[in-house]
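As the structure is a prediction and not an experimental result, all values here were calculated from the model.
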Amino acid sequence: FGFSFLSTREIEDERCAQMVDFPGINIYTSTPENMVGILERWKRKFSGKPVVISRFGVDLFSFGLNTGITPGLMDYQAVVLKDFYDKILSDPDIDVSILWSYSDWKMEKPLLIIPPKLNQYLYSIGLTDYYRNERISYQVIKNLNSGEKVSSIFSFSITSSLFFSFSTDI
């Protein structure tokens with residue numbers, strides 16, 4: 001006895017998800033509000049099926065195209081992931097969610113949207129870098145997964161440039 005699973009992004013005319021037992025949605029956004037909107041549309045479209053978030057995360061390369069990965073971007077990743085995590089846990093309809101990815105990884109082909117001065121083969125989305133050095137998001141997710149308190153470590157505002165402040169008592 002087996003189950004069928006599909007992982008896809010939000011597509012207006014998604015037909016394949018109707019054919020499987022577990023349609024999974026890959027959420028590509030950097031705001032919890034957009035994530036909630038995507039999930040609500042998905043749940044309406046596939047009511048009666050389990051709600052599976054087959055991929056969510058915050059890629060750092062999209063924001064660091066000109067500067068590379070900065071401490072501010074790593075802080076931003078942690079803030080957004082915590083917000084995503086809180087939204088997921090507060091939604092009783094979500095059956096499964098998969099954080100993507102725990103570590104940066106290298107691709108076989110270059111990601112051409114990254115300037116040549118940066119490593120075009122490195123996909124910077126992880127809680128740790130390619131060499132498994134922890135980013136602040138690592139500790140935040142570790143605390144959330146173990147039920148430990150994540151104190152109000154961040155306050156931030158997004159303007160034309162990103163500003164972050166945080167305390168170190170994680």
Side-chain angles (χ1 to χ4, degrees), residues 7-10 24-40 42 51-108 110-115 117-170:
S7 179
T8 184
R9 67 188 190 285
E10 185 179 35
I25 180 73
N26 296 340
I27 298 179
Y28 300 106
T29 183
S30 59
T31 68
E33 296 77 21
N34 287 346
M35 182 189 77
V36 169
I38 292 168
L39 276 173
E40 291 305 315
W42 189 259
V51 179
V52 177
I53 301 173
S54 47
R55 182 177 181 169
F56 77 97
V58 178
D59 66 44
L60 296 176
F61 70 84
S62 294
F63 295 101
L65 287 178
N66 296 317
T67 60
I69 307 305
T70 64
L73 286 175
M74 289 185 274
D75 298 343
Y76 176 74
Q77 177 192 43
V79 169
V80 174
L81 285 177
K82 182 181 182 318
D83 288 345
F84 282 1
Y85 199 98
D86 290 343
K87 296 285 185 196
I88 289 167
L89 288 180
S90 67
D91 188 333
D93 296 329
I94 297 175
D95 298 296
V96 175
S97 65
I98 300 169
L99 174 61
W100 194 275
S101 150
Y102 278 83
S103 295
D104 292 354
W105 48 280
K106 291 187 178 178
M107 299 176 281
E108 293 179 16
L111 189 60
L112 298 178
I113 64 168
I114 296 177
K117 67 181 180 178
L118 301 174
N119 186 344
Q120 293 180 312
Y121 291 87
L122 185 65
Y123 194 68
S124 299
I125 190 172
L127 306 180
T128 65
D129 68 16
Y130 183 73
Y131 299 101
R132 304 312 187 253
N133 297 305
E134 297 175 8
R135 295 188 172 120
I136 193 160
S137 56
Y138 174 90
Q139 191 64 47
V140 169
I141 296 300
K142 180 180 174 187
N143 285 8
L144 290 168
N145 283 341
S146 65
E148 295 178 37
K149 182 179 180 185
V150 179
S151 58
S152 58
I153 54 174
F154 300 104
S155 63
F156 68 98
S157 62
I158 300 174
T159 59
S160 58
S161 63
L162 299 175
F163 168 79
F164 304 91
S165 65
F166 59 92
S167 67
T168 56
D169 65 339
I170 293 181

Donor-acceptor check, side chain of [X] to backbone of [Y], threshold 3.5 angstrom: yes or no?
X      : Y      : answer
Asp95  : Val51  : yes
Arg132 : Tyr130 : yes
Gln77  : Gly126 : yes

Q) What are the two closest non-hydrogen atoms of Arg135 and Thr128, and how far apart are they? A) NH1-O, 3.5 Å

With sequence neighbours left out, write down each residue that passes side chain to side chain donor-acceptor pair (under 3.5 Å) with [X], or none if nothing qualifies.
X     : value
Ser97 : none
Thr31 : Asn34
Ser90 : none

Could you grab the distance from atom [atom1] of [X] to atom [atom2] of [Y], nearest 0.5 Å is fine?
X      : Y      : atom1 : atom2 : value
Asp93  : Glu40  : CG    : CD    : 7.5 Å
Ser103 : Glu134 : OG    : CD    : 10.0 Å
Leu39  : Ile94  : CG    : CD1   : 5.0 Å
Ile38  : Glu33  : CD1   : CD    : 11.5 Å
Ile98  : Ile53  : CD1   : CD1   : 9.5 Å

Q | Modelled atom types, side-chain donor and acceptor of Asn133 and Tyr138, under 3.5 Å | A | no

Any side-chain heavy atom of [X] within less than 4.5 Å of one from [Y]?
X      : Y      : result
Asp83  : Met35  : no
Val140 : Leu81  : no
Phe84  : Thr29  : yes
Ile141 : Tyr102 : yes
Tyr28  : Arg55  : yes
Ile25  : Phe56  : no

Q.
What verdict does the side-chain contact (heavy atoms from CB on, under 4.5 Å) test give for Leu127 and Leu99, after you've listed the backbone C-alpha separation in whole Å, the side-chain angles of each residue and the deciding distance to 0.1 Å?
A. CA-CA 10 Å; Leu127 306 180; Leu99 174 61; 3.8 Å; yes

Q) Looking at Asp86 and Lys82, does any basic side-chain N land under 4.0 Å from a carboxylate oxygen? A) yes

